[in-house]
Amino acid sequence: MPLDAVGRFLAALDPAHRDAVAGEPRKEQERLAAAWEEELESDTDIDTLDELSPAAAESEAARRVMERRPR
């Protein structure tokens, strides 16, 4: 399992988004990973999901970050 935030974020993404983010510059990957970590920490709905399934919570937070990302 990846230990750094970018690796964990990439692992939480669905395959299509993972490929897209993997092709981004490292700074953008770090920015997205930071947004993902903030989403995990600040959203109370994700806290509840995290208690049931940490992987599902990480995936949901990653989906939300990608949904807000400008295209």
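Remember, predicted model here, so these are calculated numbers, not experimental data. If you read the sequence from its start, that first residue is 1, and numbering goes on from there.
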For the [atom1] atom of [X] and the [atom2] atom of [Y], what is their distance to the nearest 0.5 Å?
X   : Y   : atom1 : atom2 : result
R8  : L10 : CZ    : CG    : 11.0 Å
E24 : E30 : CD    : CD    : 12.5 Å
Q29 : D4  : CD    : CG    : 9.5 Å
R63 : D14 : CZ    : CG    : 10.0 Å

*W36 side chain vs R31 backbone, donor-acceptor pair below 3.5 Å*: no
Using side chain to side chain donor-acceptor pair (under 3.5 Å) as the criterion, list what pairs up with [X], not counting sequence neighbours.
X   : value
R68 : E39
E38 : none
R18 : none

Is the shortest side-chain heavy-atom distance between [X] and [Y] below 4.5 Å?
X   : Y   : answer
E28 : V21 : no
L32 : R69 : yes
R26 : V6  : yes

_Nearest non-hydrogen partners of A12 and S59, listed with the distance_ = O-OG, 3.0 Å
*Taking all heavy atoms of A57 and all of L40, pick out the closest pair and write down the distance.*
O-CD2, 3.7 Å
